[in-house]
K.L.:
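Submitted below is the structure of interest, expressed as structure tokens.
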Protein chains: 2
Amino acid sequence: MEVTLPAIRAFVAVAREGSFGAAATSLGVSQPTVSAAVRRLETVVGRPLLVRDRDGVRPTELGRRLLAHAVAVVSATDDFETLLTGETPELTVGFMGEAAGPLTSRLLAVVRRACGGEVRLRRFDFDDPSCGLLTGASDLAVVWPPLETGDALETRPLRTDPRAVAVPLGDPLAGLAAVGPADLAGRVWVVPRSRDEVWRAFRRPGAAGVTDVAGEVGSDAIEETLELVAAGRGVALLSEGTDEHYARAGVVFVPLSGGQRCSTALAWRRADTRPVLTGVLRALGAREWLPE
Amino acid sequence: MEVTLPAIRAFVAVAREGSFGAAATSLGVSQPTVSAAVRRLETVVGRPLLVRDRDGVRPTELGRRLLAHAVAVVSATDDFETLLTGETPELTVGFMGEAAGPLTSRLLAVVRRACGGEVRLRRFDFDDPSCGLLTGASDLAVVWPPLETGDALETRPLRTDPRAVAVPLGDPLAGLAAVGPADLAGRVWVVPRSRDEVWRAFRRPGAAGVTDVAGEVGSDAIEETLELVAAGRGVALLSEGTDEHYARAGVVFVPLSGGQRCSTALAWRRADTRPVLTGVLRALGAREWLPE
DNA sequence: CTATGCCGATAGCCGGAGGCTATCGTTGCG
DNA sequence: CGCAACGATAGCCTCCGGCTATCGGCATAG
């Protein structure tokens, strides 16, 4: 039994679409093919990766841990094939993190319809807050403001979530309904290594700022952050929306008091005036595609 | 015709080993299997990726461009499979760049023999000068000193190469036998984005320092650096050894006068005292395996 | 000049991955 | 109760990716 590329693709697609059928459509193959691919993968592991129950399919704890790496494989392969065949995708969409979830899949559906040509998906970690927009690695991205990019990029808000603090299971804070600066004093924090505007603002005195920080641990990706939190290495400043897609046993999200919210936004290069992009942006302007 | 994982693996192995037979051995498959895999890949592209001539196999211009991405695919897949099967590799060896060449393959052979268990290869870009040693992503690495890591890492020199400047074909400097600071005044430089100790030293007045710099362009990887140089976006400070494995049409390497050399070194965590590592280091102590 | 060996390509074979269509079992809902 | 949705199963075909055996080109040794 072998771990093959189509099987990994199928796994990622199912996790993203939340359905075997939808995954099959998005991959351009039949539904039984997707079922078989995922089953093969699960046979290799010996444990289930996806839970099929009423109301869709969700990854298991193990599946969620594997997902980020699976996306990396698919992304690297797509890159390779693009160079190999010389076909440049019409549009590349960048996402922070693994980009699994309803927002991603809905947005992609709209983009694919509006674009016509091939649309590529690319994952980015904390090391590039612009999700490849500045380097040209992507043309359109779902980013987490604020971005310190001057006026090179244009953004349009998509959604906002309450801020939350991720703490390990069993932490004294884990049971609270909400936490404030006083509760967070003397903590070690897991901090995005290369993206600390939000963090710096958080440490500023006043408002919800927490100044009593015992230490910082760097992290390059969401998954790593949650691993570190679960391991008790520190707590992290995230959003409640993160919990939806990255929920992980051993990590509890506690809302931050004070009503602070953090946003997710669409971004693109102001200088990019290609009809492809403007067309897609127009299609995305109608907000019906947004989940909820 | 499909781009499959084993085909990419075969391509990478042949490029690294410089021979179909050796690649087959290192992959644990037969030689015809490797031949067929590479041929399939070349059929997809429509152009040759590897040149077979007397004295070994070398990638073509196109092959070299694809190699870095192919390595990324293999690396991501290995990561994924490691998590999937739960088998942790005995030892992970980190390399800066694509790590194709005799040094890599010889070193790996010695490590594999001395280690016994599974040995993983992992590529790193400029964003991590320690090649994953500090984060635990690797246990042993081929790095480019100097490293600003305090005394966390121990290093052992492997080889030194003359420094050279990469300039685009057709540049006035391209024909010279050697260049000095005076020749390099007023240039735009392509600089590793996150690894500029060497660069800063280079800009210091005196010695071979060049102070008259017109601008800087950031780069995250060797391949990107050479792309930028070939495109005329700037010139880059590299080593003559780089030319051996990354030779690229459109880029000429001109030696730097003054006899400056840059070194390649083996590095590991000082705190890592596992028998696996010490055994491998002892095996690598006998220098017979070094190329040339 | 021939013999020998090295190395990659070719031929012919087989098992399994991965695709399809058709159909069944469950489950939720009108 | 019947229908629709969705995933699993069954049966079939193609081609990838592995093997062994062998051929062809090109060194180098005798």
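Each chain gets a letter, A, B and so on, in the order its sequence line appears, and its residues count up from 1. Hydrogens, waters and symmetry mates play no part in the numbers below; they use all other heavy atoms, side chains included.
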K.L.:
Whole-Å distance between C:dG19 P and A:L5 CG?
P.N.:
10 Å
K.L.:
Under the rule for side-chain hydrogen bond (donor to acceptor under 3.5 Å, both in side chains), what residues qualify as partners of B:R274, not counting sequence neighbours?
P.N.:
B:D139, B:D272
K.L.:
Does B:T4 have a side-chain nitrogen or oxygen under 4.0 Å from the phosphate oxygens OP1 or OP2 of D:dC16?
P.N.:
no
K.L.:
Using every non-hydrogen atom in the two residues, find where A:T92 and A:A137 come nearest and quote the distance to one decimal.
P.N.:
CG2-O, 3.3 Å
K.L.:
Whole Å only: how far is the CG atom of B:L27 from the C1' atom of D:dG17?
P.N.:
12 Å
K.L.:
So if I apply the side chain to side chain contact (heavy atoms under 4.5 Å, CB included) rule between A:R122 and each of A:D78, A:D79, A:V74, which one comes out positive?
P.N.:
A:D79
K.L.:
Where the side chain of B:R40 is defined as all heavy atoms beyond and including C-beta, which of C:dG19, D:dG18, D:dC16 is the nearest nucleotide?
P.N.:
D:dC16
K.L.:
Check every atom of C:dG19, C:dT21, D:dC16 against the side chain of A:T33 and return the nucleotide holding the closest atom.
P.N.:
C:dG19
K.L.:
Please list, for nucleotides 8-11 of chain C, all pairs of protein and nucleotide N/O atoms separated by less than 3.5 Å.
P.N.:
{"unit_1": "C:dG8", "atom_1": "OP1", "unit_2": "B:F20", "atom_2": "N", "d": "3.0"}
{"unit_1": "C:dG8", "atom_1": "OP2", "unit_2": "B:F20", "atom_2": "N", "d": "3.4"}
{"unit_1": "C:dG8", "atom_1": "OP2", "unit_2": "B:G21", "atom_2": "N", "d": "2.9"}
{"unit_1": "C:dG8", "atom_1": "N7", "unit_2": "B:Q31", "atom_2": "OE1", "d": "3.4"}
{"unit_1": "C:dA9", "atom_1": "OP1", "unit_2": "B:R52", "atom_2": "NE", "d": "2.7"}
{"unit_1": "C:dA9", "atom_1": "OP1", "unit_2": "B:R52", "atom_2": "NH2", "d": "3.2"}
{"unit_1": "C:dA9", "atom_1": "OP2", "unit_2": "B:S35", "atom_2": "OG", "d": "2.8"}
{"unit_1": "C:dA9", "atom_1": "N7", "unit_2": "B:Q31", "atom_2": "NE2", "d": "3.0"}
{"unit_1": "C:dA9", "atom_1": "N6", "unit_2": "B:Q31", "atom_2": "OE1", "d": "3.3"}

K.L.:
Not counting sequence neighbours, which residues clear salt bridge (charged side-chain N to carboxylate O under 4.0 Å, His left out) with A:R112? List them please.
P.N.:
none
K.L.:
So which heavy atom on A:S35 is nearest to which on A:F20, and how close?
P.N.:
OG-CD2, 3.6 Å
K.L.:
Check B:R58, B:R39, B:E42 against B:L50 for a side chain to side chain contact (heavy atoms under 4.5 Å, CB included) and give me the one that passes.
P.N.:
B:E42
K.L.:
Return the value, rounded to whole Å, for the distance between atom CD1 of B:I8 and atom P of D:dC16.
P.N.:
14 Å
K.L.:
Within this structure, what is the CZ-to-P distance between A:R58 and D:dG7, rounded to whole angstrom?
P.N.:
15 Å
K.L.:
Whole angstrom is fine here: how far is it from CD in B:E2 over to P in D:dG17?
P.N.:
9 Å
K.L.:
For B:L50 and C:dC7, give me the distance from atom CG to atom P, rounded to whole Å.
P.N.:
16 Å
